[in-house]
2 protein chains.
Amino acid sequence: MDTNWSVRLDTEARTLGDRTATRLRELIRDGVFAPGARLPAEPELARRLGVSRPTLRAAVTELIADLLLVRRRGVGTFVSAVPRSTHGLERLVGTGHGIALLGRRPGTTGLRVRHVGADASIAAQLHVAPGDPLVRISRTRTADEVPVVHCAEWIPADLLPEPTALDAFGAADSLHDRLAALGLPLRQAVARLVPVLPDADLRDRLDLASDAPVLLLEQRHFPATRTDRVALFSRHWYDSGRIDLQVVRRG
Amino acid sequence: MDTNWSVRLDTEARTLGDRTATRLRELIRDGVFAPGARLPAEPELARRLGVSRPTLRAAVTELIADLLLVRRRGVGTFVSAVPRSTHGLERLVGTGHGIALLGRRPGTTGLRVRHVGADASIAAQLHVAPGDPLVRISRTRTADEVPVVHCAEWIPADLLPEPTALDAFGAADSLHDRLAALGLPLRQAVARLVPVLPDADLRDRLDLASDAPVLLLEQRHFPATRTDRVALFSRHWYDSGRIDLQVVRRG
DNA sequence: GAGTGGTCTAGACCACCAG
DNA sequence: TGGTGGTCTAGACCACTCC
């Protein structure tokens, strides 16, 4: 029951290339194109799917990124013998959505929204002056009721339409979606990976039995429409014993 | 002296889109397009650069991925106010090359090439039977003479043209390049991130003073031309105090 | 309404691989 | 030699933003 790519809300995907990719995935899943088999040549396949060749190639490129297809120049395009689709940290999704993509039920405990002044280290990350007003959100995220990551987020208040825009932020809300609705969609993040030993507070929040190291992600998030500012800085402490952290690396 | 993208061997890049991206980078670097300024409209810019609009768009998309440009539909394309180019683990490059991309001089100590039989855990990762012949390479990589990561790699011998093909592997060699020359180019890898405490052996190899945790990357590498097999499994232990580990996440 | 980026097409030519 | 993927073009139409 490989539900990996049915999780995507591809019901009516954005672009024709994406929809074509979805159709190809279905054809592979249904065995029309069997594992190891060669696909029809690109012009032929494009004709049969009713799209142009560039559009078909966009779809095929997407499936190659998912390790479902392999292209060999001068030979053909082949279905992977061991089809599997994977993704990881290289895709920027909200923490809750990421937990759902792993097939687990996301939850939140200990949500707290505060207005604070930027201390020196946070100010440097956000490119603001020390003392500038920030909104700070902290919470612990659970997967199937088990705590897996503790999150702290800082947002410059002047990037919000009103400083109080996030005061009503709720435990079930997605911060990504909320920020997008406020005209501050996030497009990219640069995450620094640091293994650290948990302190007493973190051990308590994550309900850690041992003092095994956890993985800290220090992330600077950039908005989609400007790059002169950092929209959000966050520190996420992951209990790698309870959730798998992966990165798909492409050459 | 932002040498970040002059390190790329773009001297004569592969595709016209890549070469156009390089030209755009130079125009931005030289101030022809100042930070914050709007670029000419795409048809106009394409004409002036002597390429078609799809080719120009490919170049622009590349610079957007590098955070150098921002597109706003119905408005225009703008130069980032704080141009900076970054990359991280999401790009699959050899460890030595990755160190060079950070502006540091890569080196190797303690290189060892052995022929071993697969133990249970490695066999599972490589999709081979326990006891199957593997080539195992281990070495410690340095940056500016300082050890930063200890690497262990396992390769199924039957994927090589001859089992002895890697026996002459040298300290200055790139494993990626060597494998590509042997007809086994690597295209993707799935890395699992695990913070761990160093044992005595690792502390010795990395010359660690404290027992601060290190970051273990467990990686399965997939060849470009087939997906039924795992070409290489590796464990890399990074001293995050001596080298910055990043991931660029895209939405 | 005018101008911008977002998408898609049809067709061409090339480089590579196999027989 | 013939078929395959790799690349690039010219042009069209749409959706969005702003005046």
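Proteins come first, then strands; the chains are lettered A, B, ... in the order of their sequence lines, and each starts at number 1.
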What distance do [X] atom [atom1] and [Y] atom [atom2] have between them, rounded to the nearest 0.5 Å?
| X | Y | atom1 | atom2 | result |
| --- | --- | --- | --- | --- |
| E42(B) | R71(B) | CD | CZ | 5.5 Å |
| I28(B) | R23(B) | CD1 | CZ | 13.0 Å |
| R249(A) | E90(A) | CZ | CD | 11.0 Å |
| R229(B) | R220(B) | CZ | CZ | 12.5 Å |
| L232(B) | L186(B) | CG | CG | 6.0 Å |
| C151(A) | R141(A) | SG | CZ | 6.5 Å |

What's the [atom1]-[atom2] distance between [X] and [N], to the nearest Å?
| X | N | atom1 | atom2 | value |
| --- | --- | --- | --- | --- |
| R187(B) | dG5(D) | CZ | P | 15 Å |
| L56(B) | dT7(C) | CG | C1' | 15 Å |
| L16(A) | dA15(D) | CG | P | 14 Å |
| E44(A) | dT4(D) | CD | P | 9 Å |
| R14(A) | dC16(D) | CZ | P | 15 Å |
| F78(A) | dG3(D) | CZ | P | 16 Å |
| R47(A) | dT4(D) | CZ | C1' | 17 Å |

Below 3.5 Å is the cut-off: list the nitrogen or oxygen pairs between protein and nucleotides 10-13 of chain C, distance only.
{"residue": "dA12(C)", "atom": "N6", "partner": "R53(A)", "partner atom": "NH1", "Å": "3.3"}

>> Looking at every non-hydrogen atom in both residues, tell me the closest pair between I155(A) and A231(A) and how far apart they are.
In response: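 The pair with the smallest heavy-atom distance is CG2-O, 3.6 Å.
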
> S80(A) and V70(A): which non-hydrogen atoms are nearest, and at how many Å?
Replying inline: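 Looking at all heavy atoms of both residues, the shortest contact is OG-CG2, 4.3 Å.
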
>> dT7(C), OP1 or OP2 - any side-chain N/O from T55(A) closer than 4.0 Å?
In response: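 Indeed not, no polar side-chain atom of T55(A) lies that close.
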
> Does dG5(D) have OP1 or OP2 sitting under 4.0 Å from an N or O in the side chain of R57(A)?
Replying inline: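 Checking R57(A) against dG5(D): no side-chain N or O falls below 4.0 Å of OP1 or OP2.
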
> Does a salt bridge link E62(A) with R25(A), judged by any charged N lying under 4.0 Å from a carboxylate O?
Replying inline: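 Looking at R25(A) together with E62(A), the answer is yes, because their closest N to O distance falls below 4.0 Å.
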
Under 3.5 Å between N/O atoms: give me all the protein pairs with nucleotides 1-4 of chain C, atom names plus distance.
{"residue": "dG3(C)", "atom": "N2", "partner": "G74(B)", "partner atom": "O", "Å": "3.3"}
{"residue": "dT4(C)", "atom": "OP1", "partner": "R38(B)", "partner atom": "NH2", "Å": "3.4"}

